[in-house]
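Scroll down for the structure; my scribbles are underneath it.
Everything quoted here is computed from the prediction, not taken from an experiment.
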Amino acid sequence: MSASHTPVQSIDATTAALQEELPRLEQLQQELEKELAAVSERVLSVRTALTALLALAETPAPRAVQVTPEPAVEDEIPVEAAALQEAGPVPAPRKAAATPAAGEVQATPAKTTKRKERSSAKKPRVPAASRKDAPAAKGSAGFTEQVIAVLARTPETPMRARDVAQALGRDSSTGAVNAVRSTLDRLVATSRAARAGRGLYQAAAAH
């Protein structure tokens, strides 16, 4: 009789063991789910901070404009006037000989006036920093328009930042993909693009 009840006893023992193990497994599952949620939240915060830092890195810093001072007109002393000042008063034994010297002294202010007119007519110089900043701003705007054009090719299909980078012919490195993602985030902030989901972007709906 004892041999006939052996399978039943084995099933009961297995059932009891599984019932004891099930609560421990459920508790372990809850702990792992909490850890996974914490890790996912940390990944999202790190990605947001990295995107903000990359956006700041792309923004060109303002450059100090150097203004070249114009030469002072008062320092331009004619050679004739300097020579007369160093020589001092010239003795004039005759009145006729003194007349040409007086004529030379009177001609000096006329030359100084002409030099003042030429100095005032000089065009203002354009700072070199302004000329260098213009191509950089134009290149950034061109890259943004290229990203919008890629999204506009398939307006109904969301795209990831990596897909947009590949469509632009860029490599798949982390820096290149993050640069494209930063541009897409700026377009979403200015309503020039739409976010279709987590990490997905598409062209803005036409109004």
Sequence neighbours left out, what passes side-chain contact (heavy atoms from CB on, under 4.5 Å) with [X]? Give chain and number order.
X      : value
Ala204 : none
Thr157 : Thr154
Ala196 : Pro158, Leu200, Gln202

message = Looking at every heavy atom in both Ser182 and Ala55, which two are closest together, and how far apart are they?
response =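 It is OG-N, 4.1 Å.
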
query = Closest approach of Ala193 and Leu151, non-hydrogen atoms and distance?
reply =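 In this case the closest contact between Ala193 and Leu151 is CB-CD1, 4.0 Å.
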
Measuring from atom [atom1] of [X] to atom [atom2] of [Y], what distance do you get when rounded to the nearest 0.5 angstrom?
X      : Y      : atom1 : atom2 : value
Tyr201 : Asp185 : OH    : CG    : 4.0 Å
Leu184 : Arg195 : CG    : CZ    : 9.0 Å
Thr183 : Glu58  : OG1   : CD    : 5.0 Å

Output the rest of the hydrophobic cluster of [X]: all Ile, Leu, Val, Met, Phe, Trp and Tyr residues reachable through side-chain heavy-atom contacts under 4.5 Å, sorted by chain and number.
X      : result
Val39  : Val43
Leu32  : Leu28
Val177 : none
Leu50  : Leu54

ask   = Should Phe143 and Val188 be regarded as members of a common hydrophobic cluster, given that ILVMFWY residues are connected when their side-chain heavy atoms come within less than 4.5 Å of each other, either directly or indirectly?
value =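 Same hydrophobic cluster.
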
message = Show me the pairs that pass salt bridge (charged side-chain N to carboxylate O under 4.0 Å, His left out) and involve residues 150-168, at least two apart or across chains.
response =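 Every candidate salt bridge (charged side-chain N to carboxylate O under 4.0 Å, His left out) pair involving residues 150-168 fails, so no pair, neighbours aside, qualifies.
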
Please list all pairs meeting side-chain hydrogen bond (donor to acceptor under 3.5 Å, both in side chains) that have one or both residues in [range], counting only residues at least two apart or in different chains.
range            : answer
residues 166-176 : Asp171-Ser173
residues 43-53   : none
residues 34-44   : none

inquiry  = Can you tell me if Gln27 has over 12 outside heavy atoms packed within less than 6.0 Å of its CD?
reply    =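 No, because the 6.0 Å sphere around CD of Gln27 holds 12 heavy atoms or fewer from other groups.
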
Verdict with supporting geometry, Arg186 and Arg181, side-chain contact (heavy atoms from CB on, under 4.5 Å) = CA-CA 9 Å; Arg186 288 199 299 271; Arg181 183 180 291 108; over 6 Å; no

Could you list the donor-acceptor pairs under 3.5 angstrom formed between side-chain atoms of residues 11-19 and any protein atom two or more places apart in sequence or on another chain?
from	atom 1	to	atom 2	distance (Å)
Thr14	OG1	Ser10	O	2.9
Thr15	OG1	Ile11	O	2.8

